Protein chains: 2
Amino acid sequence: MTVRIKDIAREANVSPTTVSNVIHGNTKKVSPATLERIEAILHKRQYIPSMGARMLAGNSSHLIGVLIGSKRRQERGIDRDPFTSILLETLETEIFRQGYYMLFHISDRPEENWALAATWNIEGLITIGLSPEENEGIREKCGIPLVTVDVYYDIPGMANIGLKDEEGGYLMAQFLFDQGHTDFLFLADNDTGVDHMRWEGIVTFLKEQGSSEGALRERHLLIPSDIDGRQAYYQKKLPLFLEKQALFFASDYYAAEAVQYLRQNNIRIPEQISIAGFDDNVYASMCSPPLTTIRQNVPQKAAAAVRKLAALIRGETGIQLEERFPVELIIRDSVALRR
Amino acid sequence: MTVRIKDIAREANVSPTTVSNVIHGNTKKVSPATLERIEAILHKRQYIPSMGARMLAGNSSHLIGVLIGSKRRQERGIDRDPFTSILLETLETEIFRQGYYMLFHISDRPEENWALAATWNIEGLITIGLSPEENEGIREKCGIPLVTVDVYYDIPGMANIGLKDEEGGYLMAQFLFDQGHTDFLFLADNDTGVDHMRWEGIVTFLKEQGSSEGALRERHLLIPSDIDGRQAYYQKKLPLFLEKQALFFASDYYAAEAVQYLRQNNIRIPEQISIAGFDDNVYASMCSPPLTTIRQNVPQKAAAAVRKLAALIRGETGIQLEERFPVELIIRDSVALRR
DNA sequence: ATGAAAGCGCTAACAA
DNA sequence: TTGTTAGCGCTTTCAT
């Protein structure tokens with residue numbers, strides 16, 4: 001078996017309590033001599049705590065749960081999204097740095113999520129890709145700090161890390177306008193959450209330009225969330241695209257996919273149709289031509305989510321619940337100056 | 001507080017032991033009447049076990065650790081690889097299905113990894129992106145079942161899930177040959193592990209065609225593992241590339257990146273240079289032109305890794321330690337028939 | 001078929 | 001400054 005506090009105590013001729021105090025840095029209660037002695041033995045014997053016992057006794061698990069919803073992502077065919085990859089890695093790195101461990105679960109079943117939290121005595125939760133309702137349900141059931149990512153909602157008291165999506169929409173609308181694309185279309189597979197806010201940014205800009213409500217609505221295209229549906233949709237809309245000459249997609253993934261489709265149909269990008277994306281992920285840089293897009297810093301969001309959660313767990317007061325990071329316009333080659 | 005076994009026992013007028021037996025399906029020791037009664041109460045009260053107590057008492061944590069190394073991936077700039085994303089998601093799904101929970105950690109420090117395993121009483125480990133030595137160290141220290149992914153090594157008794165990399169190399173070599181590209185080059189950023197085996201497959205084919213050792217060596221190009229280095233390298237090698245007319249990259253990522261680079265230099269793909277990749281991930285399909293590549297089924301590998309680990313944990317005998325899944329040649333548009 | 005009791009390793013309240 | 005003690009919730013002999 002591994003070495004326990006009891007073993008260390010015996011070897012140091014002290015009580016388990018003292019050893020425990022040393023381990024937890026309650027150093028004011030321990031004389032320098034014993035402190036040093038115990039630390040030496042701890043190190044020599046390579047003491048490793050048993051989280052099982054810690055959880056039982058102290059009621060603190062040092063576990064942070066990362067919950068991600070899968071349904072919508074799979075539907076959209078973006079389950080290979082590099083977003084998740086980089087997000088998870090940054091989350092774990094930061095969680096560990098903060099002294100916690102990461103329990104990871106994918107599910108669309110709320111019961112599963114809160115059962116997990118209870119089973120493991122989880123101290124805080126980070127959720128990605130869950131709806132506001134699901135988040136609210138989990139928070140009520142679990143009663144532990146919860147930080148969401150990329151959610152917009154009205155529920156008071158819920159912490160969220162996000163992006164200035166609206167500003168992103170605004171920036172790109174402005175840029176497209178400056179390039180002469182006053183007629184650009186916006187394409188997204190839904191009109192809620194971040195995609196809605198990106199659209200709102202566009203609306204703000206266009207209204208400043210004197211656009212009417214009716215004209216606005218015609219610019220907003222809801223594309224199917226399955227790949228075959230999208231192909232068919234693009235086929236149907238091709239004449240419209242060629243007329244408007246500029247498409248602003250709510251994500252790089254959709255933008256890159258569209259570029260692919262259009263090129264296969266011998267449309268020249270950006271000469272015939274300009275394309276813009278959102279995210280600035282690997283799809284944007286790998287695309288031919290590379291995408292003009294709105295950059296978001298995913299690691300920054302992930303690290304912020306963990307830090308906010310840790311602060312919440314520590315019970316710090318005066319924490320700003322909502323945090324939205326800035327975005328940046330990245331100009332590459334997929335948008336042409338309209339002649 | 002949440003409901004405990006003791007509470008259920010009291011309500012059912014039985015002892016905690018009996019409740020525990022019911023929970024674990026030790027049903028032969030329980031009369032049908034009490035069984036039913038207890039199950040009803042369990043359900044009604046929404047009993048959720050405390051893993052802390054379980055770990056302490058029963059010494060079984062139901063935890064599977066997923067360890068990934070980060071160093072090499074970051075160096076190569078493939079830390080946004082969709083591979084990790086899809087792999088992690090499939091791993092978690094399968095781990096949960098098998099009745100385990102997933103503890104996730106990223107690290108290049110072996111001590112950290114085995115401390116994690118000991119701290120959490122982890123029952124089995126899946127590692128990705130660690131060297132054979134690191135894996136061996138972890139296995140020795142932890143003494144628990146370990147399944148690696150995509151590792152080649154000589155250490156007996158280590159379980160691994162991989163791919164028929166050699167066959168992949170062979171298949172693509174054969175295809176390129178058939179298309180008239182008898183002079184194709186192979187490009188990878190190392191000559192160990194999977195990349196080495198892919199090269200070995202090429203070697204096997206070329207030897208069948210009567211190629212000499214010397215000629216073989218000249219086909220194998222080691223590219224820098226940082227992006228700037230690669231750019232400079234491609235610049236330097238451009239004349240060679242144009243002469244050979246066909247490049248087979250060890251991964252879709254590098255292939256797609258090269259396509260990008262070459263097109264920016266006004267090289268037509270595949271007319272002037274044919275490009276082949278390996279993996280068939282999103283880079284291959286998003287590339288313009290879409291890549292001819294070797295397909296691997298990542299979810300299949302992930303699920304197999306978990307199942308093998310679960311079998312090892314259960315102590316099943318006669319388990320095949322090494323499992324390598326087949327690959328498939330996917331023909332798209334990035335390889336032209338050589339005139 | 002059911003129960004009593006010991007103990008897993010640790011923490012924290014309380015004593016000394 | 002240090003030690004004693006009583007659990008935390010569960011499993012597991014061993015009785016009954």
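Remember, it's a predicted structure, so these values are computed and weren't measured experimentally. These numbers come from the heavy atoms of this one structure, side chains and all, not from hydrogens, waters or symmetry mates. A, B, ... follow the sequence lines: proteins, then strands. Residue 1 opens every chain.
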Seminar exercise, completed: Minimal heavy-atom distance between B:Val30 and B:Leu35, with the atoms involved, is CG1-N, 3.7 Å
For this session: Return the value, rounded to whole Å, for the distance between atom CD1 of B:Ile5 and atom P of C:dA5.
Result: 18 Å
Seminar exercise, completed: Within residues 44-52 of chain B, those residues having any heavy atom closer than 4.0 Å to DNA chain D are B:Tyr47, B:Pro49, B:Ser50
Problem set entry | Axis-to-axis angle between the two ends of the helix from C:dA1-D:dT16 to C:dA16-D:dT1 (five base pairs per end, rounded to 10 degrees) | 40°
For this session: Applying side-chain contact (heavy atoms from CB on, under 4.5 Å), name anything that partners B:Ala115, two or more places apart in sequence or on another chain.
Result: A:Ile48
For this session: Flag yes if more than 12 heavy atoms outside B:Arg314 fall under 6.0 Å of its CZ atom; otherwise flag no.
Result: yes
Exercise. Atom CG of B:Asn26 and atom P of D:dT13: how far apart are they, to the nearest Å?
Worked result: 11 Å
Exercise. Are any of the side-chain heavy atoms of B:Thr18 and B:Ser15 separated by less than 4.5 Å?
Worked result: yes
Seminar exercise, completed: Taken to the nearest whole Å, CD/A:Glu36 to P/D:dT1 is 16 Å
Quick one: which protein N/O atoms are closer than 3.5 Å to N/O atoms of nucleotides 1-4 of chain C? Pair and distance per line, please.
| residue | atom | partner | partner atom | Å |
| --- | --- | --- | --- | --- |
| C:dA1 | OP2 | B:Lys28 | O | 2.7 |
| C:dT2 | OP1 | B:Ser31 | OG | 3.3 |
| C:dT2 | OP1 | B:Thr34 | OG1 | 3.4 |
| C:dT2 | OP2 | B:Ser31 | N | 2.8 |
| C:dT2 | OP2 | B:Ser31 | OG | 3.4 |
| C:dT2 | OP2 | B:Thr34 | OG1 | 2.9 |
| C:dG3 | OP2 | B:Ser15 | N | 2.5 |
| C:dG3 | OP2 | B:Ser15 | OG | 3.4 |
| C:dG3 | OP2 | B:Thr18 | OG1 | 3.3 |
| C:dA4 | N6 | B:Thr17 | OG1 | 2.6 |

For this session: Please state how far atom CZ in B:Arg4 lies from atom P in D:dT11, giving the value in whole angstrom units.
Result: 14 Å
Exercise. Whole Å only: how far is the NE2 atom of A:His24 from the P atom of C:dA13?
Worked result: 13 Å
Problem set entry | Worked verdict on B:Glu11 versus B:Lys44 for salt bridge (Lys or Arg N to Asp or Glu O under 4.0 Å) | CA-CA 11 Å; B:Glu11 186 165 343; B:Lys44 189 179 68 180; 3.2 Å; yes
Problem set entry | Counterpart residues, side-chain contact (heavy atoms from CB on, under 4.5 Å), relative to B:Glu323 (two or more places apart) | B:Ile161, B:Lys308, B:Phe325
Seminar exercise, completed: Looking only at heavy atoms, the pair that brings B:Cys142 and B:Ala117 closest together is SG-CB, 3.6 Å
For this session: Examine D:dC10: is either OP1 or OP2 under 4.0 Å from a nitrogen or oxygen in the side chain of B:Ser20? Give yes or no.
Result: no
For this session: Using a cut-off of strictly less than 4.0 Å, decide whether B:Arg54 has a side-chain nitrogen or oxygen near OP1 or OP2 of D:dG9.
Result: no
For this session: Measure the distance from NZ on A:Lys6 to C1' on D:dT4 and round it to the nearest whole Å.
Result: 14 Å
Exercise. Between the side chains of B:Glu123 and B:His62, does any donor sit under 3.5 Å from an acceptor?
Worked result: no
For this session: Could you state the atom-to-atom distance from CG of B:Asn121 to P of D:dC10 in whole Å?
Result: 17 Å
For this session: Mind checking side-chain contact (heavy atoms from CB on, under 4.5 Å) for A:Glu36 and listing every partner two or more places apart, or none if nothing turns up?
Result: none
Problem set entry | A:Arg324 charged N/C atom sitting above A:Tyr152 aromatic ring, 6.0 Å / 45° | yes
Problem set entry | Spacing between B:Ile8 atom CD1 and D:dC10 atom C1', to the nearest angstrom | 13 Å
Problem set entry | Within-4.5 Å side-chain heavy-atom neighbours: B:Arg307 and B:Glu94 | yes
